Amino acid sequence: MVSREGVSRRGFLKSSSIAVAAVGAATGVAGALPRVARAQGAEFVPFAHGVASGDPTPDAVILWTRVTPTPDARPGSGVGPVTSVRWRVATDPELTSLVRSGTVSTSADVDHTVKVDVDGLSAATTYHYCFEVLDGPAAGTQSTIGTTRTAPTNDADVDRIRFGVVSCSNWESGYFGAYRHLASRTDLDAIIHLGDYLYEYRTGAFAGKYGVVRQHDPVHEIVSLSDYRIRHGQYKSDPDLQAAHLGVPWICTWDDHESANDAYDGGAENHQPETEGPWNVRKANSVQAYYEWMPVRVAGTPQNRHLYRRLRFGSLLELSMLDLRTYRSKQVAPTAGAAVDSPDRTITGRDQMNWLTDGIVSSPTTWKIVGNPVMITPVLVPPLESEAAGALTELLGIPRGGVPYMADPWDGYTADRARLLGAIADNGVNNTVFITGDIHSSWACDIPQDAARYFETGAVATELVVTSVSSANVDDLTRTPPHSLGRVAESALTTLNRHIRYVELDSHGFGVFTVTPTGVQMDHWYLDAKEDPLTGVYWGAGFTVPAGTARVEHAALPVRT
């Protein structure tokens, strides 16, 4: 995240050093490569963007693809014929044991994307699926065969669910090695993407210390519907991303870069109405392209469509995926004091807050997992005891709990955070874990209601934050060797905020999140070099939360596959 005012994500990553003083590369994934059709003497790839599935329930799953029916019908082009596509779902990889099938039409109106909500499936079952073009020059061309899996029934006793967890994948900042390594695993039930699936910037605007590793398309900042469609198409041309979508369903939400940096309900830091038009038009363009190109199931009603939604995996866990951009109040400066604490400002909006708190309080599952795009843990310098320092905070005009690093995450919306944590505490809810992205670094935190009284009162929930797939972090932005300046900043952050148990500011990669009845564990897997399309990966750290404790603990080893 880049900001022209105040401290945002890029500002935070740079300011961590202040705490010291106070088309992608080929990867050999043959299964992700679609077939090539021949028309009028020219070769083209009708399924150039792969296949995907998402949002599994006990009896349904979303299936997705994008068809290029003619060579000129590229993403965002607005051209190309209405095309019929057959989809098939079977219990075997050869697709001989069909259980569901059908035919749909797609056109330039939806950028020739295809999205089918297939129901009537059996719970906790692995399925295989594909698409086939039925007419035009690509007729008879079949997509790659994908694999997906439904969720267990709501009352099922489940021993284990395991998710890959990712966030912040910037095409220009590096290759998507994290996706390649996730695709190679055979032990995942789904992949959760916590936002910033793509970036809206013009080329070179946020590349990091290696410069532009590969160039964005279009090269200008994306604003129009065509722009967003082209950018989505570029990202889904990446073979590593296609491979990761191929094997398991994804559960996704957006953060800000799917529309524009530091987005809020009426605008964004990276939106200039005088040159880029009304915000509501740009936002609508980004939302339309997102729903076209992503395997997500829209929640709510036609009159109140929304992205926040809840998925359940037996009696083990309920996953609440949040939208923290559409309804939030405009950000204020971290030192804005009363404005940061104002009960009139919101990060969730009233309806989503009610839905979230009611769901967590009433959930019958062992674990309440929240897919949380931005950090909820207080990150303060220093954490001040609110009553004793009340006169000082009022005099200085800073928030009652201390000065947060940023006001874009929940630290800038303390009243909403207090409402949510208060509901968890007042209702005696155990085993609430926030899994979070956004900040391009890895964290493991206890979440206290009052950071200054953490040692007296303990925590009411925990947060496990995954780093970026490729987006710039501290060593990128400060152009320093990895694990040099960052190490000192990490020590400063954990010293000043004792409820923060772990911070790693320099690595890129992904998380593997395992949920069992007795505990959860987040394993942080880090890339050797994001600028290398064939990068290796290593286990950097792991953190567990034993059931009933609201406390993170170091793990000695990663979970076994």
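Quick note: numbers below take in every heavy atom, side chains included, and nothing from hydrogens, waters or symmetry partners. Computed from a prediction, not measured in an experiment: that's the story for all the values here.
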On a heavy-atom basis, which atom in S169 and which in Y197 lie closest, and how many Å separate them? OG-O, 2.9 Å
Where does the angle between the aromatic ring planes of Y291 and W254 fall among parallel (under 30°), tilted (30 to 60°) and perpendicular (over 60°)? tilted
Salt-bridged, D256 to R328, with N to O below 4.0 Å? no
Side-chain donor-acceptor pair under 3.5 Å between T113 and D111, yes or no? no
The test is side chain to side chain contact (heavy atoms under 4.5 Å, CB included); show your working for F434 and L464 and say whether it passes. CA-CA 6 Å; F434 294 80; L464 302 168; over 6 Å; no
Kindly indicate whether a cation-pi arrangement holds for R229 with W293, taking the cut-offs as under 6.0 Å to the six-membered ring centre and within 45° of the axis. no
Is it true that W64 and Y129 have ring centroids separated by less than 6.0 Å? no
Quick one: closest heavy-atom pair of P56 and I251, and the distance? CD-CG1, 4.0 Å
Using distance only, find each side-chain donor-acceptor pair of residues 153-160 under 3.5 Å and give its atom names and separation, not counting sequence neighbours.
residue: T153; atom: OG1; partner: D155; partner atom: OD1; Å: 3.0
residue: R160; atom: NH2; partner: D187; partner atom: O; Å: 3.3

Given Y228, which partner from the list E258, R282, E292 fulfils the side-chain hydrogen bond (donor to acceptor under 3.5 Å, both in side chains) test? R282
Distance under 6.0 Å and angle within 45° of ring axis: R310 vs W355: yes
Closest non-hydrogen atom pair, P58 against P152: CG-O, 3.2 Å
Flag, side chain of Q521 to backbone of L557, donor-acceptor distance under 3.5 Å: yes
Student check: side-chain heavy atoms of M294 and K236 closer than 4.5 Å: yes
When the ring planes of Y290 and H232 are compared, do they come out parallel, tilted or perpendicular, using 30° and 60° as the limits? perpendicular
Which atom pair, heavy atoms only, marks the closest approach of G314 to T365? O-CG2, 3.6 Å
Would you check if the distance from the ring center of H216 to the ring center of Y235 is below 6.0 Å? yes
Can you name the side chain to side chain contact (heavy atoms under 4.5 Å, CB included) partners of T357, sequence neighbours left out? M353, L420, A423
Looking at K368 and G359, would you say the former's side chain and the latter's main chain have a donor-acceptor pair under 3.5 Å? no
On a heavy-atom basis, which atom in V219 and which in Q215 lie closest, and how many Å separate them? CG1-OE1, 3.4 Å
For the pair D523 (side chain) and V559 (backbone), establish whether a donor and an acceptor sit closer than 3.5 Å, ignoring hydrogens and angles. yes
Does H181 use its side chain to pair, donor to acceptor, with the backbone of T535 at less than 3.5 Å? yes
Taking atom types as modelled, is there a side-chain donor on R214 or Q234 under 3.5 Å from an acceptor on the other? no
Would a 4.5 Å heavy-atom cut-off, applied to side chains only, mark W443 and E463 as touching? no
Test of ring centre spacing under 6.0 Å for Y179 and H245: no
